[in-house]
Structure formats: C-alpha cells, structure tokens
Amino acid sequence: MNIAFFLLPKQEVVCMTLDATLRQTLERMEHHRYTSVPILDRDGGYAGTVTEGDLLWYMKNNPELTFEQTHKVKLGDVQLRLAHRAVRIDANMVDLVSLAKLQNFVPVIDDMNRFIGIVRRSDIIDYCEKIIVNGAAAQAEEEIAASQ
C-alpha cells in the first residue's frame, strides 16, 4: 500500500521551526492539545520532533528560567530526548508500523529531505485493523466452507 494515501499534508500539520521560541511552542501545543509536533529547519527539512517531555525537561534543567522568560529561548536550544525518525514518501507500511509503535505520528519526507507531511498513528492502526478484520472474516468463511 502506498503511504501517500495516508499522508496528512504539510499544510494541515502544526509544525514549529528551530527559530520558534519555547513560549510559542508551548502555546501552540496547548492550543491544539498536541503532545508532540514536528520541527522544520530553514530549508523546510525535517529537523526532529519536540515533545511535552522535552519542554518540561528543559525547564526543569534550567530552574532560573521563568515562564515569562520562555520567549527568549529558541526551540533549537531545547534538547530532544528521542530521535523520531522520518520515512521517505516511497516507504512501505511495514516501515510505518514499526515506527508508529514508538511515535504518535511518522514524519514523511521527499527525496530532498523536505518535510511533506505526517502519517498519524491512528490511521496506521485503522489500516491494520481492517487487514485483521478482513483476514478473520476470510478465515471464518474458509472454515465454514471446509466444514460443509
């Protein structure tokens, strides 16, 4: 199955840039109720994924930083704890499933490493559910036919 079918395009994805501030990131994640968002570099390439945990750890490790000062911290200064991997648009569903175990979404890039969108974990699970349900139905039909 072509993963482009599941792609939520970049225009519909809430993204941050490395130049965004910690405060902008916090407010945007709160507004959209997201626990993580992709980060793009100046060229539109995928630079990583920032999570709520990354932001909390940054604030914990910088106790002198008050919320009022978070507009002074660039997102590029926040250490990302996990290396969320992206896939190329020509990846297969097996690649997506293995990454979706660890990530809320899988970033998708083109052959020039430019970010083109995401595939959400929920869409991957829905796809797998359909395969399982259809497979179970086919197996049940085979068992009924064999018992007759």
Side-chain angles (χ1 to χ4, degrees), residues 1-62 67 70 73-148:
M1 164 94 22
N2 186 339
I3 69 168
F5 177 74
F6 300 98
L7 185 72
L8 182 66
K10 176 182 178 179
Q11 296 81 1
E12 298 178 31
V13 177
V14 173
C15 299
M16 302 305 296
T17 65
L18 292 168
D19 292 332
T21 67
L22 182 56
R23 185 175 191 133
Q24 289 170 326
T25 306
L26 286 164
E27 289 175 350
R28 202 152 196 207
M29 289 173 73
E30 177 186 29
H31 175 76
H32 292 283
R33 305 195 78 196
Y34 291 151
T35 59
S36 59
V37 293
I39 306 170
L40 306 183
D41 63 22
R42 289 185 180 159
D43 299 324
Y46 174 69
T49 295
V50 64
T51 66
E52 287 177 326
D54 298 330
L55 303 176
L56 288 171
W57 281 109
Y58 184 87
M59 294 183 80
K60 178 198 176 283
N61 293 329
N62 295 280
F67 182 75
T70 55
V73 178
K74 297 291 183 195
L75 187 54
D77 296 331
V78 175
Q79 181 180 5
L80 306 179
R81 294 177 306 115
L82 302 173
H84 288 87
R85 291 193 14 232
V87 297
R88 289 174 40 121
I89 189 63
D90 59 356
N92 60 43
M93 285 303 291
V94 174
D95 297 327
L96 288 178
V97 170
S98 64
L99 290 175
K101 291 187 298 187
L102 306 171
Q103 302 172 190
N104 292 338
F105 58 85
V106 179
V108 181
I109 56 174
D110 65 12
D111 56 355
M112 306 265 305
N113 195 40
R114 286 184 302 244
F115 178 80
I116 58 173
I118 64 171
V119 177
R120 295 176 287 213
R121 181 190 296 170
S122 60
D123 293 335
I124 297 167
I125 291 171
D126 289 345
Y127 171 78
C128 292
E129 178 187 35
K130 286 177 187 172
I131 289 175
I132 291 169
V133 169
N134 290 342
Q139 183 178 358
E141 288 176 17
E142 287 174 15
E143 290 173 2
I144 291 170
S147 67
Q148 293 177 346

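Across all their heavy atoms, Ile3 and Leu96 have their closest contact at CG2-CD1, 3.2 Å. Across Arg114 and Asp43, no two heavy atoms sit closer than the pair CG-O, 4.0 Å. Of all non-hydrogen atoms in Asp19 and Arg42, the two that sit nearest each other are OD2-NE, 3.4 Å. For the pair Ile124 and Val106, the tightest heavy-atom approach, listed with the atom from each and the gap, is CD1-CG2, 4.3 Å. Between Thr25 and Leu75, the shortest heavy-atom contact is OG1-CD2, 3.7 Å. Scanning all heavy atoms of the two residues, the minimum distance from Leu80 to Gly48 falls at CD1-CA, 4.1 Å.
Judged by distance alone, with hydrogens and angles left aside, the side-chain atoms of Asp54 form a donor-acceptor pair with the main-chain N or O of Arg81 at under 3.5 Å.
Contact annotation: the side chain of Gln24 never approaches that of Arg28 to less than 4.5 Å [non-hydrogen atoms, C-beta and beyond]. A 4.5 Å side-chain heavy-atom check between Val50 and Leu55 finds at least one atom pair inside the cut-off. Asn104 has its side chain within reach of Arg121: a pair of non-hydrogen atoms, C-beta onward, lies under 4.5 Å apart.
Within a 6.0 Å sphere centred on CD of Glu12, heavy atoms belonging to other residues, nucleotides or ligands number more than 12. Other residues, nucleotides and ligands contribute only 12 or fewer heavy atoms inside 6.0 Å of the NE2 atom of His31. Counting non-hydrogen atoms of neighbouring residues, nucleotides and ligands closer than 6.0 angstrom, the CZ atom of Arg85 reaches no more than 12 such neighbours.
Within the model, atoms OH of Tyr34 and OG1 of Thr49 stand 13.5 Å from one another, a figure rounded to the nearest 0.5 Å. For the atom pair CE (Met16) and CE (Met29), the distance works out to 9.0 Å, reported to the nearest 0.5 Å. Here Asp41 contributes atom CG and Asn113 contributes atom CG; the two are 7.5 Å apart, rounded to the nearest 0.5 Å. Rounding to the nearest 0.5 Å places CD1 of Ile89 at 4.0 Å from CD1 of Ile116. A distance of 7.0 Å separates OG1 of Thr70 from CD of Glu27, quoted to the nearest 0.5 Å. Rounding to the nearest 0.5 angstrom, the gap separating the OH atom in Tyr46 from the CD1 atom in Ile39 is 7.5 Å.
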Q. Met59 and Leu26: side-chain contact (heavy atoms from CB on, under 4.5 Å), yes or no, with the steps?
A. CA-CA 11 Å; Met59 294 183 80; Leu26 286 164; 4.3 Å; yes
Practice task
Just do the side-chain contact (heavy atoms from CB on, under 4.5 Å) check on Leu40 and Lys10 with the steps written out, would you?
Solution key: CA-CA 11 Å; Leu40 306 183; Lys10 176 182 178 179; 3.8 Å; yes
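Classification of the Phe105-His84 ring pair by plane angle, with boundaries at 30° and 60°, yields parallel.
For Arg120 and Asp123, the salt-bridge test passes: some basic side-chain N is under 4.0 Å from an acidic carboxylate O.
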